[in-house]
Amino acid sequence: MSTALAAPSRTWLDAPVESGRAAGFGIYLHVPFCRHRCGYCDFATWDDRAPLIPRYVDALRAQVQREAAVGWPAVTSVFVGGGTPTLLPAADLAGLIATVRAEFDLTPGAEVTVEANPETVDAQYVATLVDAGVTRVSIGAQSFSTHVLDVLERQHDPERPLAAVAAAREAGIEQVSLDLIYGTPGESDADWEQTLATVLAAGTDHVSAYALTVVASTPLGRAVAAGAVPSPVPDIARDRFDAARDVLGGAGFDHYEVSNWARTPARRSRHNVLYWRHGDYIGFGVGAHAHRDGHRWWSYRSIERYLDDVESGVAPVAGEERLDTEARAAERLMLGLRLRDGLHPNDVPPIQPAALEDAMTAGLIETACGRLRATDAGWFLLDDAVLRLV
Amino acid sequence: MPRGYGSVVTARIRNFCIVAHVDHGKSTLADRILQLTHLVDPRKMREQYLDRMDIERERGITIKAQTVRIPYVPRTGPDAGVPHTLNLIDTPGHVDFSYEVSRALAACEGAVLLVDAAQGLEAQTIANLYLAVEAGLEIVPVLNKIDLPAADPDRVAREIAHLIGGDPDDVLRVSAKTGEGIEAVLDRVVERVRPPVGDPAAPLRALVFDSVYDPYRGALAYVRVFDGRIATGEQIRLMATGFESEVTDLAVISPEPVPVASLGPGDVGVVAASIKQVGDAKVGDTITHADRRRRAPEAFPGYREPLPMVFSGLYPIDSDDYSDLRDALERLSLNDASFTWEPETSVALGFGFRCGFLGLLHLEIVMERLDREFDVALVATQPSVRYRVTLDPSGDVIEVSNPQDLPAPNAIKTIEEPTVSAMVLAPSEYVGAIMGLCESRRGELIAMEYLSEQRVELRYRLPLGEIITGFFDQLKSRTRGYASLDYEPDDYRAADLVKVDVLLNSEPVDAFSNIAHRDKAYEYGRAMVSKLKELIPRQMFDVPVQAAIGTKVIARETVKAKRKDVLAKCYGGDITRKRKLLEKQKEGKKRMKMLGAVEVPQEAFVAALRVGGDDSAR
């Protein structure tokens with residue numbers, strides 16, 4: 001049997017090689033404001049709370065300062081997500097990052113990512129971020145097809161993300177990523193091919209491409225339920241996915257995670273890899289999640305509640321859970337197998353031999369040099385694969 | 001008690017029932033009679049007073065017979081001013097219970113024929129009327145709902161007169177809703193219905209026309225005494241079952257039980273005798289004395305064992321409910337002797353019971369009572385009838401009520417199926433639609449008669465198996481609800497019947513096997529296969545779904561292998577939501593049934609059966 005099974009039963013938790021605390025430590029900051037809330041979006045964000053921005057920035061800063069006092073490991077990645085972080089004035093965003101740098105110990109070469117909506121950034125804006133130490137910008141392009149952008153209710157035209165990429169480059173950002181969504185109702189094979197070609201032409205070093213997930217509580221979800229918009233078809237999503245693999249792979253991108261491609265291993269999203277490696281991180285802001293060694297907690301999804309708590313000196317914790325070993329093992333597999341490399345032999349939780357045999361016989365899971373990983377087929381059927389293992 | 005509940009002079013008794021179609025106002029009329037005669041405290045009055053089960057009130061139907069003793073002084077007629085005792089026996093009103101109806105009718109000397117003045121005669125009215133006439137009952141025709149704007153009392157009165165003979169003017173006109181004309185009905189009952197005749201000195205003969213289960217006193221027999229006298233403390237014997245016991249209580253219902261010491265000829269009352277289950281005091285049985293010297297030489301004629309006509313497998317949706325279901329069926333059969341059950345297992349549905357019912361309504365009622373009174377959620381397999389199969393080459397005849405038990409085609413010489421003689425009444429404009437439906441259901445036209453210019457009666461011989469699969473719903477929808485249906489069992493007839501199996505990845509799924517006419521087998525197979533294709537989740541590999549007769553595949557679909565099944569991105573580090581989804585899927589996986597290598601959630605089978613039940617394509 002594989003070395004994956006031979007690992008002592010607690011090693012994967014107590015002495016992981018790449019996973020858990022060995023994966024680094026991250027900081028996430030959430031900015032819950034948008035100019036327009038897109039029809040498919042179910043994230044914690046609002047398009048009618050702009051007047052709260054100054055208070056929110058102050059509260060984030062206060063929360064960062066307060067939490068830093070607890071004592072944390074050195075920070076390997078910072079990620080500012082949203083919402084639309086770049087809706088904040090550049091100085092505010094830079095100030096936030098400066099606060100994090102002042103309060104936490106960042107490792108040399110730590111990755112600092114800011115998510116950007118194409119219509120909100122120019123070279124000057126990005127330059128301010130670069131000065132604050134931002135190393136990576138992730139731009140939400142979603143599609144380069146006008147009618148697909150319309151269905152998604154995106155507020156930019158197809159050219160705008162390219163200008164944003166150019167602006168980031170001009171400002172000196174080396175790591176630029178484009179976010180894409182495929183399988184949107186109305187998107188054709190040709191639309192997707194064209195989007196992929198445009199991404200290649202844009203010359204970014206990282207691409208994320210996610211299948212559109214329709215959430216019932218969103219306007220798009222309601223439109224699908226009402227029959228006004230057709231439901232995304234899983235088989236079409238798979239076709240698009242295969243096309244993305246062909247095109248991006250053919251252009252030299254490394255498909256390192258189910259939905260992510262990077263030019264080189266150094267250009268992978270370190271912060272996202274931290275999540276998949278079951279690592280520890282702390283989150284600041286509305287609806288932000290944190291994890292440390294099997295303890296998960298998260299803050300309120302209401303801006304007002306969050307502000308009230310922080311301003312009155314209370315930790316804005318909405319909920320928490322302490323995971324038992326079984327749940328942590330499930331997470332380790334569920335997350336780690338999303339990575340093409342899978343799990344280091346020492347990091348694999350105990351798996352019932354029969355369950356492993358079943359998943360391997362079904363052609364979903366394999367071992368390679370002792371690492372446990374999904375097969376090519378199993379990567380896209382990961383739910384099924386993980387369900388067989390846990 | 002101000003009123004005399006003791007012995008009543010037989011000549012002053014009138015025993016009658018009300019024959020009516022559902023919704024024609026029988027229960028409302030009974031309610032009005034109770035109010036008119038001040039039997040019920042106005043504060044305690046509720047609608048459908050005599051219907052005791054929730055299901056009866058909700059559905060507006062009577063399932064169990066009820067009886068009420070009414071003191072009444074007629075204002076008109078030769079007996080005006082003389083106090084009488086009326087026993088109103090409320091009969092069940094559905095074709096499934098026609099035997100019970102016939103026993104209730106046998107307990108009476110007269111019947112009020114109640115007809116909706118707007119809707120006119122319906123099949124059920126006529127069927128029950130024929131039963132009443134056969135039983136020698138005096139018919140008192142009454143038109144109800146004369147207050148309705150759509151009422152056409154003159155036309156309907158002519159229809160009634162045409163049917164039973166006599167003068168249309170003789171038909172009473174009432175509104176049970178407003179109370180108009182109710183006294184005239186009771187006066188007419190006293191005048192026309194003959195008093196019971198019986199010999200108080202003869203050996204006891206009391207007809208059981210219903211029995212109900214009481215958790216404290218066991219089965220209670222509702223009886224009509226014909227000869228002799230029954231008293232508390234006496235040893236009695238049920239002549240059909242041979243059950244013997246001591247009478248612990250006797251009561252008349254007025255309309256709450258009032259204890260009495262004895263019941264004599266013509267009396268209607270309730271006997272409690274420590275009878276453990278209703279199966280010991282079945283409808284139609286005769287009570288006599290246990291003492292051989294006092295025993296009646298012959299039982300009241302017409303008794304027959306309850307005979308299930310429709311069969312279905314009942315399975316708990318949650319397999320943990322199996323023992324609860326068994327307990328519930330046991331308790332239910334304590335008060336329903338006409339329903340049978342035995343354990344059965346299914347690959348697809350797990351452990352359950354093969355149950356026999358009088359008809360579809362009976363099945364529905366049992367399902368509903370199990371759900372409501374015993375809190376067991378169920379799924380029922382496609383209803384089936386009892387086939388007679390002659391085996392090849394032995395010539396032996398076996399009965400098959402479960403499609404799974406049908407031998408292979410080459411071992412069968414012939415299959416015979418039960419037929420019914422059905423009567424459909426409808427406005428004449430729908431004749432074409434009804435004939436079309438009956439022909440598509442392999443019906444054979446026996447007779448057609450115009451009751452009036454607008455109303456026609458059609459008689460068909462139809463396979464029972466065709467009746468129990470959505471026939472009534474189709475009839476209603478093709479006639480915009482105007483047609484009514486009644487039927488009675490007829491003989492067995494040979495037919496070209498085959499078993500259709502449904503196969504998943506080449507493994508038969510027992511719960512979906514069905515016996516159908518060869519001409520309809522394809523339709524059934526097609527319908528089930530496309531239904532299952534929608535309901536069965538995609539697997540790691542292509543799964544063929546087939547319908548077959550023997551080894552011959554008649555329909556096929558494929559559930560294509562799944563190609564994508566990976567949870568979407570985890571946003572902002574929210575792993576909790578993702579893990580909970582995984583845990584939910586894991587829970588779901590536990591409820592999967594393995595059919596060969598195919599994983600199917602039980603819900604898929606349940607959904608397919610539910611759709612199948614409503615499916616009239618068969």
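Only a predicted model underlies this, so the values are computations on that prediction, with no experimental measurement involved.
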>> Please classify the contact of Asp42(A) with chain B as side chain, backbone, both or neither, using a heavy-atom distance under 4.5 Å.
In response: side chain
>> Among residues at least two apart in sequence or on other chains, which ones pass side-chain contact (heavy atoms from CB on, under 4.5 Å) with Val502(B)?
In response: Phe512(B), Met528(B), Leu532(B)
> Quick one: what part of Ala327(A) sits under 4.5 Å from any heavy atom of chain B, side chain, backbone, both or neither?
Replying inline: both
>> Is the shortest side-chain heavy-atom distance between Arg388(A) and Lys589(B) below 4.5 Å?
In response: yes
>> Just so I know, are the side chains of His289(A) and Arg577(B) near enough to count as touching, which here means a heavy-atom distance under 4.5 Å?
In response: no
>> Taking 4.5 Å as the heavy-atom cut-off, does anything in residues 538-547 of chain B contact chain A, and if so which residues?
In response: Arg538(B), Met540(B)
> Any side-chain heavy atom of Arg296(A) sitting closer than 4.5 Å to one from Arg579(B)?
Replying inline: yes
>> Ile575(B) vs Met334(A), test: side-chain contact (heavy atoms from CB on, under 4.5 Å). Steps then yes/no.
In response: CA-CA 10 Å; Ile575(B) 309 298; Met334(A) 168 184 95; 3.7 Å; yes
> If you count heavy-atom pairs under 4.5 Å between each of Leu381(A), Asp239(A), Leu323(A) and chain B, which one has the most?
Replying inline: Leu381(A)
> What is the minimum heavy-atom distance between Leu582(B) and Leu387(A), and which atoms define it?
Replying inline: O-CD2, 3.7 Å
> Any chance OH of Tyr482(B) has more than 12 other-residue heavy atoms, nucleotides or ligands included, within less than 6.0 Å?
Replying inline: no
> Which pair of non-hydrogen atoms, one from Arg563(B) and one from Arg238(A), has the smallest distance, and what is that distance?
Replying inline: O-NH1, 2.7 Å
> If every non-hydrogen atom of Ala211(A) is compared with every non-hydrogen atom of Lys564(B), which pair is closest and at what distance?
Replying inline: CB-CE, 3.7 Å
>> Quick check on Glu326(A) against chain B: is it the side chain, the backbone, both or neither that has a heavy atom closer than 4.5 Å?
In response: side chain
>> If you count heavy atoms of other groups shown closer than 6.0 angstrom to CG of Asp375(B), is the number above 12?
In response: no
> Do other residues, nucleotides or ligands put more than 12 heavy atoms under 6.0 Å from the CZ atom of Phe374(B)?
Replying inline: yes
> Does the pair Trp298(A) and Thr576(B) meet the rule for a side-chain contact (heavy atoms from CB on, under 4.5 Å), with working shown?
Replying inline: CA-CA 10 Å; Trp298(A) 50 91; Thr576(B) 301; 3.7 Å; yes
>> With a 4.5 angstrom heavy-atom cut-off, is it the side chain or the backbone of Leu212(A) that approaches chain B, or both, or neither?
In response: neither
> Is any side-chain N of the basic residue among Asp384(A) and Lys562(B) closer than 4.0 Å to the acidic one's carboxylate O?
Replying inline: yes
>> Tell me whether Lys560(B) at atom NZ has more than 12 heavy atoms from other residues, nucleotides or ligands lying less than 6.0 Å away.
In response: no
